[in-house]
Number of protein chains: 2
Amino acid sequence: MSTLRSRPNLSDIAAALGVSVATVSNAMSGKGRVSTELIEKIRKTAAEIGYIPSFPGKALRTGRSGVLGLVLADIVHPLFPQIAQAVEFAAANCGYGVLIADSRGDTATQADAINRLLERGADGLVVVPRRGTRIGDIGRPVVVIDSPSTPGNTVAADHWNGGQQIARHLLSHGHRRFVIIGGSSTSNVQNDRVGGIRSSLPTDAASEVIWIEGIEQSKAKGCDLDLAAKARQGFTAFCAVSDLHALRALMELQRGGVAVPEEASVTGFDDLIWSPVVTPGLTTMRMDMATIAEIAIARLIDAIEAEGRGPDDDVASSEIHSSNISHDISAADVSSVPMQLVVRQSSGRAPVHQRSIQEE
Amino acid sequence: MSTLRSRPNLSDIAAALGVSVATVSNAMSGKGRVSTELIEKIRKTAAEIGYIPSFPGKALRTGRSGVLGLVLADIVHPLFPQIAQAVEFAAANCGYGVLIADSRGDTATQADAINRLLERGADGLVVVPRRGTRIGDIGRPVVVIDSPSTPGNTVAADHWNGGQQIARHLLSHGHRRFVIIGGSSTSNVQNDRVGGIRSSLPTDAASEVIWIEGIEQSKAKGCDLDLAAKARQGFTAFCAVSDLHALRALMELQRGGVAVPEEASVTGFDDLIWSPVVTPGLTTMRMDMATIAEIAIARLIDAIEAEGRGPDDDVASSEIHSSNISHDISAADVSSVPMQLVVRQSSGRAPVHQRSIQEE
DNA sequence: CTGTTTTGATTAACCGTTTAATCACCTAGC
DNA sequence: GCTAGGTGATTAAACGGTTAATCAAAACAG
């Protein structure tokens, strides 16, 4: 029947070999009882006629779409390419597709976006939330990326430790007076990074935190942050918690006649795409997005597969306090993936005159 | 039967009202013949019990998944967030989902990525191709974004005209000696932009094109482009065909003691996320991604829907030379969407001393 | 009052796959 | 020789929605 028109299906294979569809299905999935030689033959003819399993068919029967939803809630997140690429790669490796939904920075739209994905039958969701947003129970497995302070099942870079690493790097180069530059004080990620930096400073070091959003509210958007003045006051290390802010600092200092890295060091976070090409190349902390995505996807798929069977099954799970009602991702915890220091030309040894200032 | 367990389906509604599933289906889709009051009742109970149509079910029957594939072939394309967001938005507005696949810059993987999407049942593909790559016939509707010189069904920004606009902007500010900075001479997009710029220069203007990739091959990666020297030779306009290169030029000039925009103007392309925040803010050409995506998606969906019926049907299409074999997107042509000039602080009036140099 | 059309709804097949239940057959045990 | 058990395959019923074909009743024309 279905000779020319549509793509080959199980019954085409069955017909070609004179066996039943069920047998073919069993042979392909390795589930039922099929003789080894028949399996071999079926595999062969399947390949010959170019059989491709139908996802809708499978989805309809099993209730699993084989698709994960990726919800991007932050406007045009500069890390999006990295995240999307890593998530898609990890998912594809596990045989899953990735459906995207962007909520364009609007918190209200975030719910819509999530719903769109659920209606489409996404088996689980990866959410990169808008800051401050919490993801409620949506009746399907969810994993959150990027803000470790978020409650729930979260995978994130170890931002705190990242802050510590960058601080230690600068300390080891003799810096003692730090300006820490953040965007918004409401961001969990940024607070973690700032906290990590400050926690690593010894008692003989001084630091000052600048929140750009705050300054821009009192002054103008894109206004001067008076960093050159800070440099003249003796600050030598300018740690931004994002490459975006680091770039801004870098340019402001250079325009203000402060040479980088000779007179001041500038560091960032995230290793964005252009960070290597600016002059001087930006010293920054890179998140291991591949690992983060891998862990996130692995967890998600675990949860999805655990969902099918009840609270207990063949896995001989050890003494679960089976709370039948709550979706038992109750082992929800936070995974932290270490960040990696990338040293480029924007950071260097603190200028000698610093000591004198510091001792004044 | 299916009371508590799974989500409600058509037969639940049918059972609740004592009608047949077919009637309910007709009522929801508005296809068959159903009395207006019954439609009303069905809609109401559907909403009450929280009915959500099953995509797999529909897909299985109709052969349409309601999903488009977005193939990103260029490594970590800086425009990706813009593209993805616009495409997703446009697709969602038409009731389609977007499945992504990244080929991580590898040309070979691009075919894999496309296949993954097709196997998953994507109804059509939006491809942002790696430069130079051609997309062969894949048996489903395809639309290509971003390189107007690519043969086939393409939607792109009018890069050539963008080049003309930026050139006119600089000319009107008195600039006469141009350095045009490109990345790779193999890129269609970049060549279009360069061509647009040069085509607009009057005979009394001088221009020189620099391809960064070429320079870096003979020198080192991230090496100096000697732009400050060019400025001293009397060049006042530095037109990069990407904000990435513009940023690099901007920093190099500033480091070399050339004030921007007082002594030289720098312009870019694409209005990337950080372009407003650098100092001085970058004058650049923005592509209207929303419109591009809208057109691309509209075309794709047209092609998908036309695919179902034969070469002719109810649409009374005028005299088609029905070539039954080729997938009849044969009306394949190129749409160009105008670019928009964004003037910021990095461009300004040409310094006066230029005239003297020019007249020497 | 009869024959035809229109309207509103039903029936049943189908899309491609999975899976529990069943069955025919062969081997072994006593 | 008859039964119990195992093996390799088949049957048939879903999963949820669409749609062509059918049908009963009502509306209408003559």
Chemist: Provide the closest heavy-atom pair for B:Ala84 versus B:Leu70 in the form atom of the first, atom of the second, distance.
Modeler: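 Minimum heavy-atom separation between B:Ala84 and B:Leu70: CA-CD2, 4.1 Å.
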Chemist: Can you work out whether A:Ile52 or B:Val21 has the more 5'-proximal nearest nucleotide on DNA chain C?
Modeler: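 The 5'-side residue here is B:Val21.
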Chemist: How many whole angstroms separate atom CD1 of A:Ile13 from atom C1' of C:dT17?
Modeler: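 To the nearest whole Å, that distance equals 12 Å.
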Chemist: Under 4.0 Å between a side-chain N or O of B:Ser25 and OP1 or OP2 of D:dT18?
Modeler: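 For D:dT18, OP1 or OP2 has a side-chain N or O of B:Ser25 closer than 4.0 Å.
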Chemist: Taking only side-chain nitrogens and oxygens of A:Ser54, does any of them come within less than 4.0 Å of OP1 or OP2 of C:dT17?
Modeler: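 Checking C:dT17 against A:Ser54, no side-chain N or O comes under 4.0 Å of OP1 or OP2.
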Chemist: In this structure, how many angstroms lie between the C1' atom of C:dG16 and the CZ atom of A:Arg7, rounded?
Modeler: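 Atom-to-atom, A:Arg7 to C:dG16, this comes out as 10 Å.
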Chemist: May I ask you to test the A:Leu68-A:Ile304 pair for a side-chain heavy-atom distance under 4.5 Å?
Modeler: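 Side-chain contact under 4.5 Å: yes.
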Chemist: State whether the side chain of B:Asn93 and the backbone N or O of B:Ala90 hold a donor-acceptor pair below 3.5 Å, judged by distance alone.
Modeler: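 Checking the backbone N and O of B:Ala90 against the side chain of B:Asn93, no donor-acceptor pair under 3.5 Å is found.
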Chemist: Starting the side chain at C-beta, find the nucleotide from C:dT10, D:dT10, D:dT18 nearest to B:Ser20.
Modeler: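 Among the listed nucleotides, the one closest to the side chain of B:Ser20 is C:dT10.
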Chemist: Is there a side-chain contact between B:Arg120 and A:Val67 in this structure, where contact means two heavy atoms from C-beta onward sitting under 4.5 Å apart?
Modeler: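 In short, these two side chains touch, coming nearer than 4.5 Å.
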Chemist: Which of the following nucleotides, C:dT19, D:dT19, C:dA9, is nearest to the side chain of B:Asn26?
Modeler: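 Side chain of B:Asn26 sits closest to D:dT19.
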Chemist: Consider the side chain of B:Leu10, meaning its heavy atoms from C-beta on, and name the nucleotide among C:dG16, D:dT18, C:dT19 that approaches it most closely.
Modeler: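 Of the candidates, D:dT18 comes closest.
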Chemist: To the side chain of B:Thr23, which of C:dT22, C:dT17, C:dT10 is closest?
Modeler: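 From the listed options, C:dT10 comes nearest.
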Chemist: Taking the minimum atom-to-atom distance to the side chain of A:Tyr51, which one of C:dT17, C:dG16, D:dG17 wins?
Modeler: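 The nucleotide sitting nearest to the side chain is C:dT17.
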Chemist: Would you say a side-chain N or O of A:Ser35 is under 4.0 Å from OP1 or OP2 of D:dA9?
Modeler: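 Yes, within the criterion.
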Chemist: Return the value, rounded to whole Å, for the distance between atom NZ of A:Lys58 and atom P of D:dG16.
Modeler: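 Going from NZ in A:Lys58 over to P in D:dG16 covers 18 Å.
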Chemist: Using a cut-off of less than 4.0 Å, is there contact between a side-chain N or O of B:Lys31 and OP1 or OP2 of D:dT19?
Modeler: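 Yes, B:Lys31 has a side-chain N/O under 4.0 Å of OP1/OP2 on D:dT19.
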Chemist: Closest-nucleotide mapping onto DNA chain C: is B:Arg33 or B:Leu60 further toward the 5' terminus? I mean the 5' end.
Modeler: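 In this pair, the answer is B:Arg33.
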Chemist: For the CG atom of A:Asp288 and the CD atom of A:Gln82, what is their distance to the nearest 0.5 Å?
Modeler: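 Reported value, rounded in 0.5 Å steps: 10.0 Å.
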Chemist: Would you mind telling me which of D:dA9, C:dT7, D:dT19 lies closest to the side-chain atoms of A:Val34?
Modeler: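 Among the listed nucleotides, the one closest to the side chain of A:Val34 is D:dA9.
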Chemist: May I have the distance from B:Ile39 (atom CD1) to C:dA9 (atom P), rounded to whole angstrom?
Modeler: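 Going from CD1 in B:Ile39 over to P in C:dA9 covers 9 Å.
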